[in-house]
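If you're wondering where the values come from, they're calculated on a predicted model, not measured in any experiment. Quick note: numbers below take in every heavy atom, side chains included, and nothing from hydrogens, waters or symmetry partners.
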Amino acid sequence: MIEALQRLKSHLIENPARGRAYEILLFMVNSSLERPDSDEKLTFEADALLKSCGTFAERDKGAKDWIPNIKVLNRALRLAQPADEPRLRMGYMPGGGRGVVSLYWLELLPANISAQEESAPSSTVVYRRSENGSIKPSFAARLFLRDGMMPNLSVRGITFLSTILLGSVISVAMLGVMLLSLSLSEGPITMASLITLAVTLMGFVFIWKQVYAPWFQVIDDCIVKAPLWVTALREDGCELEMFRQEKYRWTRLVRFSTDCPICGSNVELRPGKPDQKYPLVGRCVESPYAHVYSFDRMTLRGTYLGPIFSTTG
């Protein structure tokens with residue numbers, strides 16, 4: 001048992017992977033190795049795993065919604081261990097009712113159970129939506145997206161959206177003036193003129209995509225990747241969502257994620273191009289072009305879109 005735990009710890013340290021499944025495994029291994037002489041099985045409550053491995057914002061959630069599915073945990077555990085040596089598996093006792101908590105533990109896989117007998121990964125995923133206010137906006141966006149949200153028809157909502165519209169019009173006008181001045185200039189076209197034109201076009205495209213385009217796109221698509229300038233520096237990538245609540249439309253910062261059933265890493269929303277036809281798809285952070293899933297904003301579910309060979313054991 002101790003040797004299997006040590007091998008697992010060495011693999012997790014030498015081959016770091018992003019995902020809460022691997023964070024949980026490393027925490028359980030370290031805690032188990034701290035008491036190697038104990039004959040009693042070391043169990044972990046779901047709430048304890050959340051407090052030890054979750055971020056400050058995630059601790060407000062229920063442990064049931066935060067901890068990956070037991071199949072995902074065992075899948076990650078299987079991939080982190082050689083197949084020809086004594087291996088560990090994740091034990092699980094579901095909670096339910098008053099005072100009955102979910103428990104997790106590591107135990108040796110019985111010798112009569114082979115890798116072929118383990119279940120294949122699921123072809124569907126269920127996404128998690130971050131809580132309102134859990135994503136910190138940047139200083140500039142904080143004036144309008146207080147707590148990461150903004151009612152579109154409020155004073156600050158109208159002011160902000162009007163600023164975006166006015167800024168986009170001014171940017172297009174400035175580009176038009178620049179192109180017109182170059183076309184009307186006398187004499188032959190010089191290298192300096194070509195460099196000025198190229199720099200102007202690249203600057204316009206960058207500003208348009210990073211500042212203005214998402215705010216127009218979210219009106220039709222309801223959800224797009226948030227521009228980098230909207231979120232605080234320490235925040236990971238997130239989405240910009242426009243939704244209706246009662247009679248009003250709101251815009252908010254939100255993050256959709258799930259656990260990859262194939263490898264246990266995090267799945268995040270990313271652009272579907274160039275290999276998928278959907279605007280946004282769920283991509284595994286460790287294998288973004290092989291472990292790919294669709295995304296349905298209303299049902300929070302997705303199905304596997306990657307190559308067929310990726311779903312096999």
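Between Arg252 and Asp147, none of the side-chain N atoms (NZ, or NE/NH1/NH2) sits under 4.0 Å from a carboxylate O, so this pair counts as no salt bridge. Salt bridge annotation for Glu239-Arg255: absent, with no cationic side-chain nitrogen under 4.0 angstrom from a carboxylate oxygen.
Within the structure, salt bridge (charged side-chain N to carboxylate O under 4.0 Å, His left out) contacts touching residues 291-307 (residues at least two apart or in different chains) are Glu241-Arg297. Annotation: ring pair (Phe, Tyr, Trp, His ring centres under 6.0 Å) contacts involving residues 130-156, sequence neighbours excluded, comprise Phe144-Phe160.
Crowding of Phe243 atom CZ: a count of heavy atoms from other residues, nucleotides or ligands under 6.0 Å exceeding 12. In Leu233, the CG atom is not crowded: 12 or fewer heavy atoms of neighbouring residues, nucleotides or ligands sit closer than 6.0 Å.
Judged as a ring pair (Phe, Tyr, Trp, His ring centres under 6.0 Å), and not counting sequence neighbours, the contacts of Tyr92 are Tyr104. Annotation: side-chain contact (heavy atoms from CB on, under 4.5 Å) contacts of Glu3 (sequence neighbours excluded): Arg7. Considering only residues two or more places apart in sequence or on other chains, Asp220 meets the side-chain hydrogen bond (donor to acceptor under 3.5 Å, both in side chains) condition with none of them. Thr163 meets the side-chain hydrogen bond (donor to acceptor under 3.5 Å, both in side chains) test with no other residue; sequence neighbours excluded. In this structure Ser31 satisfies the side-chain hydrogen bond (donor to acceptor under 3.5 Å, both in side chains) test with no other residue, sequence neighbours excluded. For Lys9, there are no salt bridge (charged side-chain N to carboxylate O under 4.0 Å, His left out) partners at least two apart in sequence or on another chain.
The side-chain heavy atoms of His291 and Cys263, taken from C-beta on, include a pair separated by under 4.5 Å. With a 4.5 Å cut-off on side-chain heavy atoms, Tyr289 and Arg283 count as touching. Contact annotation: the side chain of Leu300 approaches that of Arg129 to within less than 4.5 Å [non-hydrogen atoms, C-beta and beyond].
Taking both residues in full, the closest heavy atoms of Ser134 and Glu235 are given as O-OE2, 3.8 Å, listed atom of the first, atom of the second, then distance. Residue Arg156 comes nearest to Pro151 through the heavy atom pair NH2-CD, 3.6 Å, listed as atom of the first residue, atom of the second, then distance. Taking every heavy atom of both residues into account, Ala21 and Gly264 meet most closely at CB-O, 3.4 Å. Leu8 and Ala80 get closest at one heavy-atom pair: CD1-CB, 3.7 Å. The two atoms that bring Thr231 and Cys238 nearest to each other are CG2-SG, 3.3 Å, heavy atoms only.
One side chain, Ser294 or Thr303, offers a donor N or O that lies under 3.5 Å from an acceptor on the other. A side-chain N or O of Thr251 and one of Asn152 form a donor-acceptor pair less than 3.5 Å apart.
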Inset, instruction - Using the side-chain contact (heavy atoms from CB on, under 4.5 Å) rule, take Val29 and Leu88 through it: C-alpha gap first, then chi angles, then the decisive distance, then the call. - result: CA-CA 11 Å; Val29 168; Leu88 297 167; 5.5 Å; no
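Members clustered with Met174: Leu166, Ile170, by chain and number, using a 4.5 Å side-chain heavy-atom cutoff among hydrophobic residues. If you chain together ILVMFWY residues whose side-chain heavy atoms come under 4.5 Å of each other, Val281 ends up grouped with Tyr278, Val292, Leu305. In the hydrophobic clustering (ILVMFWY side chains linked at under 4.5 Å, chained through shared members), Ile195 is joined by Met191, Val199.
Note: the hydrophobic cluster containing Ile135 also contains Val230 (ILVMFWY, side chain heavy atoms under 4.5 Å, direct or indirect links). Both Met28 and Leu42 belong to a common hydrophobic cluster when Ile, Leu, Val, Met, Phe, Trp and Tyr are linked at side-chain heavy-atom distances under 4.5 angstrom.
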For residues 209-219, dump all side-chain donor-acceptor pairs below 3.5 Å to protein atoms at least two apart in sequence or in another chain.
unit_1, atom_1, unit_2, atom_2, d
Tyr212, OH, Gly167, O, 3.4
Trp215, NE1, Val211, O, 3.2
Gln217, NE2, Asp221, OD2, 3.0

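Applying the ring pair (Phe, Tyr, Trp, His ring centres under 6.0 Å) test between Tyr293 and each of Tyr127, Phe256, Tyr304 identifies Tyr304 as the sole match.
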